[in-house]
A.B. asks: 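Provided herewith is a single structure, encoded as C-alpha coordinates, for subsequent inquiry.
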Amino acid sequence: MVWSCWKMFNRTNRIDMLLQGGLCVGHLTELVGPSSSGKTQICLKVASRVATRYMGGVVFIDTGNSFSPLRIAHFINQIPDTIFKEVEQNILEKVMSQILCHSVFDIFAMLDVVHQLEYSLRSQVQTGADQVRLLIVDSISSLITPILGGSGPHGRALMISAGFLLKKLAHEHNLAVVVTNHMVGGEGGILKPALGESWKSIPHVRLLLSRDPGSSICHMSILKHSYMASGRAARFMI
(Lines give C-alpha, C1' and ligand atoms only; values in the text may rest on other atoms or scores of the structure.)
Protein backbone atom coordinates (compact mmCIF):
# COMPACT_ATOMS: atom_id res chain seq x y z
CA MET A 1 0.00 0.00 0.00
CA VAL A 2 1.32 3.47 -0.91
CA TRP A 3 0.95 6.13 1.76
CA SER A 4 0.80 9.88 1.15
CA CYS A 5 3.41 11.74 3.17
CA TRP A 6 4.24 15.29 4.18
CA LYS A 7 7.99 15.74 3.92
CA MET A 8 9.23 16.98 7.29
CA PHE A 9 12.23 18.81 5.85
CA ASN A 10 13.39 18.06 2.29
CA ARG A 11 14.25 15.08 0.20
CA THR A 12 17.90 15.11 1.23
CA ASN A 13 17.24 15.37 4.97
CA ARG A 14 18.08 12.30 7.00
CA ILE A 15 14.75 12.29 8.84
CA ASP A 16 12.75 12.09 5.62
CA MET A 17 15.14 9.43 4.36
CA LEU A 18 14.69 7.47 7.59
CA LEU A 19 10.90 7.63 7.29
CA GLN A 20 10.96 7.03 3.51
CA GLY A 21 9.19 10.30 2.78
CA GLY A 22 8.05 11.93 6.01
CA LEU A 23 4.86 12.05 8.03
CA CYS A 24 2.14 9.66 6.92
CA VAL A 25 -1.18 11.29 6.15
CA GLY A 26 -3.94 9.49 8.02
CA HIS A 27 -1.59 8.48 10.83
CA LEU A 28 -1.00 9.58 14.40
CA THR A 29 2.74 10.08 14.89
CA GLU A 30 4.25 10.45 18.34
CA LEU A 31 7.57 12.18 19.02
CA VAL A 32 9.03 10.88 22.28
CA GLY A 33 12.09 12.28 24.03
CA PRO A 34 13.52 14.05 27.06
CA SER A 35 13.57 17.81 27.45
CA SER A 36 15.63 19.65 24.79
CA SER A 37 15.76 16.61 22.49
CA GLY A 38 14.21 18.54 19.57
CA LYS A 39 10.52 17.60 19.79
CA THR A 40 9.15 21.14 19.63
CA GLN A 41 11.67 22.22 17.00
CA ILE A 42 10.55 19.41 14.72
CA CYS A 43 6.90 20.36 15.28
CA LEU A 44 7.61 23.98 14.32
CA LYS A 45 9.66 22.93 11.30
CA VAL A 46 6.95 20.58 10.03
CA ALA A 47 4.27 23.24 10.59
CA SER A 48 6.23 25.78 8.55
CA ARG A 49 6.90 23.28 5.77
CA VAL A 50 3.31 22.07 5.40
CA ALA A 51 2.03 25.66 5.38
CA THR A 52 4.68 26.73 2.84
CA ARG A 53 5.19 23.78 0.52
CA TYR A 54 1.71 22.29 0.58
CA MET A 55 -0.22 25.50 1.34
CA GLY A 56 -2.18 23.48 3.87
CA GLY A 57 -3.74 24.62 7.10
CA VAL A 58 -2.02 23.71 10.36
CA VAL A 59 -3.61 23.57 13.82
CA PHE A 60 -0.98 23.80 16.56
CA ILE A 61 -2.21 22.98 20.08
CA ASP A 62 0.35 24.51 22.41
CA THR A 63 0.27 23.25 26.00
CA GLY A 64 3.42 24.89 27.35
CA ASN A 65 3.93 28.22 25.56
CA SER A 66 6.32 26.53 23.14
CA PHE A 67 4.90 27.96 19.91
CA SER A 68 7.31 30.49 18.40
CA PRO A 69 6.38 32.66 15.38
CA LEU A 70 10.01 33.83 15.28
CA ARG A 71 11.21 30.26 14.90
CA ILE A 72 8.64 29.68 12.15
CA ALA A 73 9.96 32.76 10.36
CA HIS A 74 13.52 31.46 10.73
CA PHE A 75 12.58 28.15 9.10
CA ILE A 76 10.77 29.91 6.24
CA ASN A 77 13.80 32.11 5.57
CA GLN A 78 15.90 28.98 5.12
CA ILE A 79 13.93 27.98 2.03
CA PRO A 80 16.42 28.27 -0.85
CA ASP A 81 14.05 29.15 -3.70
CA THR A 82 14.76 32.67 -4.99
CA ILE A 83 11.09 33.29 -5.71
CA PHE A 84 10.42 32.95 -1.98
CA LYS A 85 13.27 35.31 -1.17
CA GLU A 86 11.90 37.96 -3.52
CA VAL A 87 8.50 38.00 -1.83
CA GLU A 88 9.69 36.96 1.63
CA GLN A 89 7.36 39.15 3.66
CA ASN A 90 4.28 38.19 1.67
CA ILE A 91 5.15 34.51 1.99
CA LEU A 92 5.71 34.87 5.73
CA GLU A 93 2.32 36.52 6.20
CA LYS A 94 0.64 33.85 4.08
CA VAL A 95 2.29 31.02 5.98
CA MET A 96 1.44 32.48 9.38
CA SER A 97 -2.17 32.87 8.31
CA GLN A 98 -2.17 29.13 7.57
CA ILE A 99 -1.03 28.20 11.09
CA LEU A 100 -3.62 28.51 13.84
CA CYS A 101 -2.23 28.20 17.38
CA HIS A 102 -4.42 27.32 20.38
CA SER A 103 -2.95 27.64 23.89
CA VAL A 104 -4.56 25.00 26.12
CA PHE A 105 -3.61 23.87 29.60
CA ASP A 106 -5.87 20.90 30.36
CA ILE A 107 -7.20 17.87 28.54
CA PHE A 108 -10.75 19.21 28.42
CA ALA A 109 -9.68 22.38 26.63
CA MET A 110 -7.76 20.24 24.13
CA LEU A 111 -10.81 18.06 23.51
CA ASP A 112 -12.90 21.19 22.90
CA VAL A 113 -10.41 22.36 20.26
CA VAL A 114 -10.31 18.94 18.61
CA HIS A 115 -14.10 18.64 18.52
CA GLN A 116 -14.33 22.12 16.99
CA LEU A 117 -11.74 21.10 14.42
CA GLU A 118 -13.72 17.96 13.61
CA TYR A 119 -16.84 20.03 13.00
CA SER A 120 -14.87 22.48 10.86
CA LEU A 121 -13.34 19.70 8.78
CA ARG A 122 -16.76 18.24 8.06
CA SER A 123 -17.98 21.66 6.95
CA GLN A 124 -14.94 22.11 4.71
CA VAL A 125 -15.65 18.81 2.99
CA GLN A 126 -19.17 19.97 2.25
CA THR A 127 -18.11 23.41 0.99
CA GLY A 128 -14.94 22.35 -0.82
CA ALA A 129 -12.79 24.78 1.17
CA ASP A 130 -9.08 24.26 1.71
CA GLN A 131 -8.64 21.75 4.48
CA VAL A 132 -6.36 21.55 7.48
CA ARG A 133 -3.52 19.18 6.59
CA LEU A 134 -1.68 18.90 9.91
CA LEU A 135 -2.65 18.81 13.59
CA ILE A 136 0.07 19.13 16.26
CA VAL A 137 -0.32 18.67 20.01
CA ASP A 138 2.83 19.77 21.87
CA SER A 139 2.75 18.15 24.32
CA ILE A 140 -0.07 15.70 24.90
CA SER A 141 1.63 14.11 27.90
CA SER A 142 1.55 17.38 29.86
CA LEU A 143 -2.26 17.34 29.52
CA ILE A 144 -2.81 13.66 30.26
CA THR A 145 -0.34 13.05 33.10
CA PRO A 146 -2.33 15.13 35.66
CA ILE A 147 -5.48 13.05 35.11
CA LEU A 148 -3.72 9.69 35.52
CA GLY A 149 -3.09 10.10 39.25
CA GLY A 150 -4.89 7.88 41.72
CA SER A 151 -6.34 4.44 41.13
CA GLY A 152 -9.56 5.39 39.42
CA PRO A 153 -10.17 4.36 35.79
CA HIS A 154 -11.57 7.71 34.66
CA GLY A 155 -8.24 9.28 33.75
CA ARG A 156 -7.09 6.29 31.72
CA ALA A 157 -10.42 6.10 29.90
CA LEU A 158 -10.19 9.80 29.04
CA MET A 159 -6.65 9.28 27.72
CA ILE A 160 -7.75 6.41 25.47
CA SER A 161 -10.75 8.41 24.26
CA ALA A 162 -8.52 11.37 23.34
CA GLY A 163 -6.10 9.11 21.50
CA PHE A 164 -8.79 7.46 19.42
CA LEU A 165 -10.37 10.82 18.61
CA LEU A 166 -7.04 12.02 17.18
CA LYS A 167 -6.68 8.82 15.14
CA LYS A 168 -10.25 9.20 13.88
CA LEU A 169 -9.55 12.74 12.70
CA ALA A 170 -6.40 11.63 10.89
CA HIS A 171 -8.13 8.74 9.15
CA GLU A 172 -11.44 10.35 8.21
CA HIS A 173 -10.08 13.72 7.10
CA ASN A 174 -6.79 12.70 5.49
CA LEU A 175 -4.48 14.74 7.67
CA ALA A 176 -1.31 14.03 9.61
CA VAL A 177 -1.48 14.23 13.40
CA VAL A 178 1.68 14.74 15.48
CA VAL A 179 1.86 14.61 19.28
CA THR A 180 4.83 14.93 21.60
CA ASN A 181 5.47 12.93 24.75
CA HIS A 182 8.11 13.31 27.47
CA MET A 183 10.21 10.65 29.21
CA VAL A 184 9.98 9.37 32.77
CA GLY A 185 12.20 7.19 34.91
CA GLY A 186 11.60 3.45 34.72
CA GLU A 187 13.17 0.44 36.35
CA GLY A 188 16.81 0.98 37.21
CA GLY A 189 16.50 4.66 36.36
CA ILE A 190 16.21 3.93 32.63
CA LEU A 191 14.09 6.51 30.84
CA LYS A 192 10.90 5.41 29.10
CA PRO A 193 8.00 7.21 27.36
CA ALA A 194 5.39 8.65 29.70
CA LEU A 195 1.69 7.67 29.72
CA GLY A 196 2.29 3.94 30.17
CA GLU A 197 1.35 0.77 28.32
CA SER A 198 -2.26 1.76 27.63
CA TRP A 199 -1.14 4.70 25.53
CA LYS A 200 1.68 2.79 23.84
CA SER A 201 -0.67 0.98 21.45
CA ILE A 202 -2.47 4.13 20.26
CA PRO A 203 0.02 5.93 17.94
CA HIS A 204 0.59 4.43 14.50
CA VAL A 205 4.19 5.68 14.63
CA ARG A 206 6.48 6.28 17.64
CA LEU A 207 9.77 8.08 17.09
CA LEU A 208 12.37 8.40 19.85
CA LEU A 209 14.46 11.60 19.94
CA SER A 210 17.65 12.35 21.82
CA ARG A 211 20.46 14.89 21.67
CA ASP A 212 24.18 14.58 22.28
CA PRO A 213 25.10 16.48 25.49
CA GLY A 214 26.31 19.99 24.72
CA SER A 215 25.77 19.46 21.00
CA SER A 216 23.26 20.37 18.29
CA ILE A 217 23.40 16.83 16.91
CA CYS A 218 20.16 14.92 17.46
CA HIS A 219 19.16 11.31 16.96
CA MET A 220 15.87 9.80 15.85
CA SER A 221 15.03 6.09 16.01
CA ILE A 222 11.87 4.22 15.11
CA LEU A 223 10.19 2.58 18.10
CA LYS A 224 7.06 1.63 16.18
CA HIS A 225 5.83 2.06 12.62
CA SER A 226 2.89 0.74 10.63
CA TYR A 227 4.98 -0.56 7.74
CA MET A 228 8.64 -0.12 8.69
CA ALA A 229 10.91 -2.11 10.99
CA SER A 230 11.70 -0.67 14.40
CA GLY A 231 15.29 0.07 15.33
CA ARG A 232 16.19 2.14 12.26
CA ALA A 233 17.90 5.38 13.26
CA ALA A 234 19.34 8.60 11.85
CA ARG A 235 21.38 11.58 13.07
CA PHE A 236 20.40 15.11 12.15
CA MET A 237 20.70 18.77 13.06
CA ILE A 238 17.85 21.28 13.35
Side-chain angles (χ1 to χ4, degrees), residues 1 3 8 15 18-20 22-40 42-43 46 61-64 66 104-115 118 134-172 175-211 218-234:
M1 184 174 185
W3 300 94
M8 299 174 75
I15 294 181
L18 172 68
L19 301 178
Q20 298 182 2
L23 295 174
C24 291
V25 173
H27 279 187
L28 171 60
T29 298
E30 180 186 29
L31 303 177
V32 180
S35 177
S36 301
S37 58
K39 300 186 298 296
T40 294
I42 288 179
C43 289
V46 175
I61 298 179
D62 178 15
T63 72
S66 60
V104 303
F105 303 104
D106 63 64
I107 187 64
F108 303 103
M110 189 206 82
L111 290 173
D112 285 343
V113 172
V114 173
H115 282 301
E118 183 179 29
L134 174 66
L135 169 63
I136 295 171
V137 184
D138 183 31
S139 78
I140 196 164
S141 55
S142 67
L143 301 178
I144 293 177
T145 298
I147 67 172
L148 293 180
S151 57
H154 178 70
R156 194 173 304 277
L158 191 57
M159 175 183 72
I160 300 300
S161 176
F164 277 103
L165 176 59
L166 293 174
K167 292 175 72 173
K168 178 172 176 281
L169 274 180
H171 174 71
E172 293 186 354
L175 68 151
V177 177
V178 178
V179 301
T180 65
N181 186 4
H182 68 278
M183 305 286 280
V184 295
E187 294 184 7
I190 299 176
L191 293 178
K192 64 178 183 179
L195 304 184
E197 293 297 315
S198 297
W199 173 263
K200 181 180 178 180
S201 63
I202 291 179
H204 297 99
V205 178
R206 301 191 95 189
L207 303 173
L208 176 63
L209 296 174
S210 63
R211 176 175 292 185
C218 301
H219 302 261
M220 175 182 286
S221 60
I222 299 175
L223 296 179
K224 172 186 174 183
H225 204 289
S226 297
Y227 61 92
M228 295 174 61
S230 61
R232 292 170 46 115

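Please read these numbers as outputs of a predicted model, since none were measured by experiment.
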A.B. asks: So do the side chains of Gln20 and His225 get within less than 4.5 Å of each other, counting heavy atoms only?
C.D. replies: no
A.B. asks: Please list, chain by chain and in numerical order, all residues satisfying salt bridge (Lys or Arg N to Asp or Glu O under 4.0 Å) with Glu118, sequence neighbours excluded.
C.D. replies: Arg122, Lys168
A.B. asks: Look up atom CD1 in Ile107 and atom CD1 in Ile140, then write down how far apart they are to the nearest 0.5 Å.
C.D. replies: 5.5 Å
A.B. asks: Closest heavy-atom contact between Ser66 and Asp138?
C.D. replies: OG-OD2, 3.0 Å
A.B. asks: Would you call the rings of His27 and Tyr227 parallel, tilted or perpendicular, taking 30° and 60° as the class edges?
C.D. replies: tilted
A.B. asks: Any heavy-atom pair between the side chains of Lys167 and Ile202 that's under 4.5 Å?
C.D. replies: yes
A.B. asks: Pairs under 3.5 angstrom only: tabulate donor-acceptor contacts from the side chains of residues 188-201 to other protein residues two or more places apart or in another chain.
C.D. replies:
| unit_1 | atom_1 | unit_2 | atom_2 | d |
| --- | --- | --- | --- | --- |
| Ser198 | OG | Arg156 | NH1 | 3.2 |
| Trp199 | NE1 | Glu30 | OE2 | 3.0 |

A.B. asks: So, taking the atom named CD1 in Ile61 and the one named CG in Leu135, what distance separates them when rounded to the nearest 0.5 Å?
C.D. replies: 5.0 Å
A.B. asks: Considering all heavy atoms of both residues, which atom of Leu175 and which atom of Leu169 are nearest to each other, and what is their separation?
C.D. replies: CD2-O, 3.0 Å
A.B. asks: If I compare all heavy atoms of His182 with all of Val32, which pair ends up nearest, and what's the gap?
C.D. replies: O-CG1, 4.4 Å
A.B. asks: Measure the shortest side-chain to side-chain distance between Val179 and Pro203 over non-hydrogen atoms and say whether it is less than 4.5 angstrom.
C.D. replies: no
A.B. asks: Does His171 have any side chain to side chain donor-acceptor pair (under 3.5 Å) partners at least two apart in sequence or in another chain, and if so, which?
C.D. replies: none
A.B. asks: Any heavy-atom pair between the side chains of Leu207 and Ile42 that's under 4.5 Å?
C.D. replies: no
A.B. asks: Roughly how far apart are Leu31 CG and Met220 CE, rounded to 0.5 Å?
C.D. replies: 6.0 Å
